[in-house]
Amino acid sequence: MNLMKIFASLLASLPVLITLSLVLRDPPPDRIKGFADARILETPPPNTTTSSNIEIFERPAPTTSSNSAEPEIKLPTETPKQDKLYDGLLAPGFEGGSCLSRYQSSLYRKISSHKPSSYLVSRLRSYEDVHKRCGPNTKPYNTSLKQLKKKSNGKTSTSTTDECRYVVWIANSGLGNRILSITAAFLYALLTNRVLLLDPGKDLPDLFCEPFPQTSWLLSNHFPIKTQFDKLDQKSPRCYGSMLKKTSNSSELSLPSSYLYLHLGHDYDEQDKLFFCDEEQSLLGKVAWLVMKTDNYFVPSLFLMPSFQQELNKLFPERETVFHHLGRYLFHPSNHVWGLITRYYQAYLAKADERIGIQVRTFEPAGPGPFQHVMDQISSCVFNEQLLPRVDEHKPIVDISSSSGNPKLKSVLMTSLKPDYSENLRSMYWEHPTVSGDLIGVFQPSHEGEQRTDDKVHDRKALAEMFLLSFSDVLVTSAWSTFGYVAQGLGGLKPWILFKPENQTVPNPPCRRLVSMEPCFHAPPLWDCKEKRGTDTGAIVSHVRHCEDISWGLQLVDM
C-alpha cells in the first residue's frame with residue numbers, strides 16, 4: 001500500500017520536474033537587461049544611407065535638466081583623420097573634460113581647405129604668453145588696476161611703467177553681433193600688442209569656454225569702472241570722439257591718464273570713426289586702458305589702415321579667412337551648450353548623406369512673420385540652385401525597398417524664430433515623393449518667436465544652432481543676419497544668401513552664392529584719413545569690397 005502511494009506521488013510531481021528542467025536549461029530573457037540595452041544609442045558611420053524608419057517629422061531635441069550632470073557625449077564613430085588642433089591654430093595642453101568642444105569640434109566638420117599661416121600660429125602662441133603674464137590676478141594687472149583707480153590729472157600718460165596694455169570689450173547687442181565684435185576687438189588687440197578682456201555681461205561665461213591657457217579673458221565684477229559701463233556713450237567725458245569735437249588738432253589733445261572710451265557702435269559719428277585713422281592710433285597707443293563698446297565686425301577697415309597692412313598680410317595671406325580662423329580659435333561652446341549641439345546632431349543629422357542648413361531671418365517692417373513671399377523665396381532658391389530636389393505632386397509614393405537606384409538621405413536643418421517655414425517644407429516632402437527619389441528630413445531645433453537678448457536659455461539655443469549650421473555641407477543664409485555670418489565663417493562655407501525682399505516681393509534672383517565667407521561690416525566709415533575728405537572705402541583696395549547683401553557695407557574678399 002505504501003509503495004502504491006509513493007508511485008502515485010511521483011506521477012503527480014513529474015510535470016513539475018519536467019518544467020523545472022526546461023527552465024533551468026533555457027532561462028527566460030532578462031527583460032530588465034533588455035530595456036537597459038535599448039537605451040544605448042548606436043551611431044552609424046557618417047555617409048551611410050538607411051532606407052527604413054526614415055523620420056521626416058520634427059522631433060524635439062533631447063534635453064537634460066540644467067541642474068543635472070552633463071551626460072557622456074558620444075562622438076562620431078567614423079570620421080576622416082582630422083587634426084583636433086586645426087593645423088596648430090589651437091594650443092595643446094588644455095584639460096579635455098573642462099571644455100569638450102575645444103578638441104571635439106573638428107570631428108563634426110569637414111576638413112577645411114583653408115590653413116592658418118605659420119605666422120598667425122606663432123603670433124597666437126605669443127599672444128597667449130602675454131595674456132598669461134598680463135591677465136587678471138597677475139602682478140602687472142594688479143599694478144595697472146591701481147593706476148586705473150586714480151583720478152585723471154588731465155594730461156597724457158607718459159609713464160611706461162605700464163608693462164601691459166589692455167582693450168576692454170563691453171557686451172552689447174545680440175549674440176551674433178557679440179561674437180563678431182569680440183573677434184574684431186581681438187584682432188585689434190593682436191595688432192596693437194594689447195590684452196583683450198571681456199565684460200562678461202549676463203551669460204558669456206555660461207556660453208563659452210576660456211580660449212587662452214592658464215588664464216581668463218573675463219573681467220571680474222570688482223573691475224574699478226565696471227559700474228560705469230552702462231552709462232558710457234558718445235557724450236561721456238572720456239569718449240574719444242567727444243574729446244575730438246572740442247579741438248581742431250588732435251595732436252594737441254590732452255588725454256586722460258587712466259582710460260579712454262571708444263564708441264564704435266552702429267550709431268557712431270564722424271569723430272568716433274576717426275579711430276580708423278593712423279594719426280589717431282598713434283595717440284591711442286599712449287593710453288593703457290581702452291574701453292570699447294561696439295556691435296560691429298570692423299575688421300575690413302583695419303585692412304585699410306597703412307600701419308596695419310604689412311602685419312595683416314602676414315597673418316592672413318587669404319584675406320577671407322579672418323573670422324574662419326579667429327572664430328574657431330576663440331569660441332568653444334561650454335559643455336552644456338556642446339551637449340545640446342552633439343545630442344541634436346547625433347539624433348537627427350548624423351545618418352544623412354548630405355546636410356543642408358537654411359537660416360531664415362526676416363527684417364520686414366510688418367513684423368517677424370511668417371510671410372508667404374519668404375517661403376516662396378526659400379523654395380525658389382533651393383530648387384533653382386538644385387540644393388534640394390523638387391517634388392512630383394502627381395507621382396504616387398512607392399515603397400522605398402522596391403524602388404530602383406540608391407536614394408540619398410538628406411537632412412535639412414532650418415533655423416528661424418518661427419516654425420512655419422520648416423513645417424511647410426516638411427509637409428511638402430512628407431506628402432509627395434521627390435523627382436530624384438532622394439529622402440528628405442526637415443528639422444528645426446527651436447522656434448523662440450522673438451529674439452531675447454541676454455536671456456541665458458535663448459542664447460544657449462542660438463549658439464547651438466549657429467554651430468549646427470556650421471556643420472552643414474551646403475548653407476543658405478539670410479541677408480543682413482550676423483547669425484548667418486557666424487555659421488558660415490565657423491564652417492568655412494560660402495553660402496547662398498537670400499536677398500532682402502522689398503515690398504513683400506520675392507527678389508529676382510531669390511539668392512546667390514557669395515564670393516567670400518567673411519562677415520560684412522555693416523557701418524563702415526566713408527573717410528579718407530590722408531586726404532581728410534569723404535571717399536568710397538569699398539574702392540580703395542581690391543580685397544576690401546562692398547558686401548553683396550548690404551551695398552554700403554564692407555567685406556574682405558580674395559581676388
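In this chain, residues are counted from 1 in sequence order. The basis for the numbers below is simple: all heavy atoms, side chains too, and nothing from hydrogens, waters or symmetry mates.
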Query raised in the report: In terms of the angle between their ring planes, are His522 and Tyr485 parallel, tilted or perpendicular, with boundaries placed at 30° and 60°?
Result: perpendicular
**Report entry** Pairing of Glu518 and Arg319 as salt bridge, 4.0 angstrom limit
**Finding:** no
Report task. Compute the ring centroids of Trp217 and Phe208, then answer whether they are less than 6.0 Å apart. Result -> no
Query raised in the report: With the threshold set at 4.0 Å, does a side-chain nitrogen-carboxylate oxygen contact exist between Lys115 and Asp83?
Result: no
Query raised in the report: When you measure from the centre of the six-membered ring of Tyr268, is the NZ or CZ of Lys273 under 6.0 Å away and within 45° of the axis?
Result: yes
Query raised in the report: Is the shortest heavy-atom distance from the side chain of Leu175 to the side chain of His458 under 4.5 Å?
Result: no
Report task. Taking all heavy atoms of Ala464 and all of Leu340, pick out the closest pair and write down the distance. Result -> CB-CB, 4.2 Å
Query raised in the report: Going by the angle between their ring planes, with limits at 30° and 60°, are Trp338 and Phe471 parallel, tilted or perpendicular?
Result: perpendicular
Query raised in the report: Are Ser301 and Pro525 side-chain neighbours, meaning at least one heavy-atom pair lies under 4.5 Å?
Result: yes
Requested in this report: Can you label the angle between the Phe186 ring and the Tyr329 ring as parallel, tilted or perpendicular, going by 30° and 60°?
Outcome: tilted
**Report entry** Pair Gln281-Tyr188, side chain to side chain donor-acceptor pair (under 3.5 Å): steps then yes or no
**Finding:** CA-CA 11 Å; Gln281 284 297 321; Tyr188 177 70; 2.7 Å; yes
Report summary line: In short, Glu354 meets Val474 closest at the heavy-atom pair OE2-CG2, 3.4 Å
Requested in this report: Let me see the working for Leu493 and Met517 under side chain to side chain contact (heavy atoms under 4.5 Å, CB included), right down to the final yes or no.
Outcome: CA-CA 6 Å; Leu493 302 166; Met517 58 187 174; 5.9 Å; no
Report task. Fit a plane to each ring of Tyr108 and Tyr345, take the angle between them on a 0 to 90° scale, and name the class: parallel (under 30°), tilted (30 to 60°) or perpendicular (over 60°). Result -> perpendicular
Requested in this report: Check whether more than 12 heavy atoms from other residues, nucleotides or ligands sit under 6.0 Å from atom CD of Gln214, and answer yes or no.
Outcome: no
Query raised in the report: Should the ring pair Tyr297 and Phe323 be called parallel, tilted or perpendicular, given that the plane angle runs from 0 to 90° and is split at 30 and 60?
Result: perpendicular
**Report entry** Asn142 atom CG: more than 12 heavy-atom contacts under 6.0 Å
**Finding:** yes
Query - Contact check, side chains of Cys239 and Asp272, non-hydrogen atoms, under 4.5 Å - result: yes
Requested in this report: Start with the C-alpha gap between Gln359 and Thr415, add the side-chain angles, then the distance that decides, and say whether side chain to side chain donor-acceptor pair (under 3.5 Å) holds.
Outcome: CA-CA 5 Å; Gln359 181 258 338; Thr415 65; 5.2 Å; no
